Amino acid sequence: MPGESPWFEHDQHTVATNVLMKCAHLDPQVKADVRLNQLRKAIGELDAHASVLSWYCAWCGSHYHGAKLCSACGTGIYSIEEVNWQANYA
């Protein structure tokens, strides 16, 4: 019909998903949803990040807790996680 957008749909039960994903006529939202699900799966497989609260300053030799800022020397650039210090130097 004039003035109406063309309509096209794959039979999703007979066409493989990887073939559908390569089709130029596939709904962009479907492709976006598949990519989002793949990303969510990949992120779900990552290790959870734990906050570090215990530090060792290699510059002045101080052990401290909290933010990565040594109160003895006033910097955090020489600080390593306490766990790494124990594993490697204790």
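Worth saying up front: this structure is predicted, and the values here are computed from it rather than measured.
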_Trp59 side chain to Cys73 backbone, donor-acceptor under 3.5 Å_ = no
Would the distance check show the side chain of Asn84 and the main-chain N or O of Ile80 forming a donor-acceptor pair, the cut-off being under 3.5 Å?
no
How long is the span from the [atom1] atom in [X] to the [atom2] atom in [Y], to the nearest 0.5 Å?
X	Y	atom1	atom2	value
Cys57	Ile77	SG	CD1	9.0 Å
Lys41	Leu36	NZ	CG	14.0 Å
Gln38	Asp33	CD	CG	11.5 Å

The side-chain contact (heavy atoms from CB on, under 4.5 Å) partners of Val83 (sequence neighbours excluded) come to none
Residues 61-70 vs side-chain hydrogen bond (donor to acceptor under 3.5 Å, both in side chains), sequence neighbours excluded, gives Ser54-His65, His63-Glu82, Tyr64-Ser79
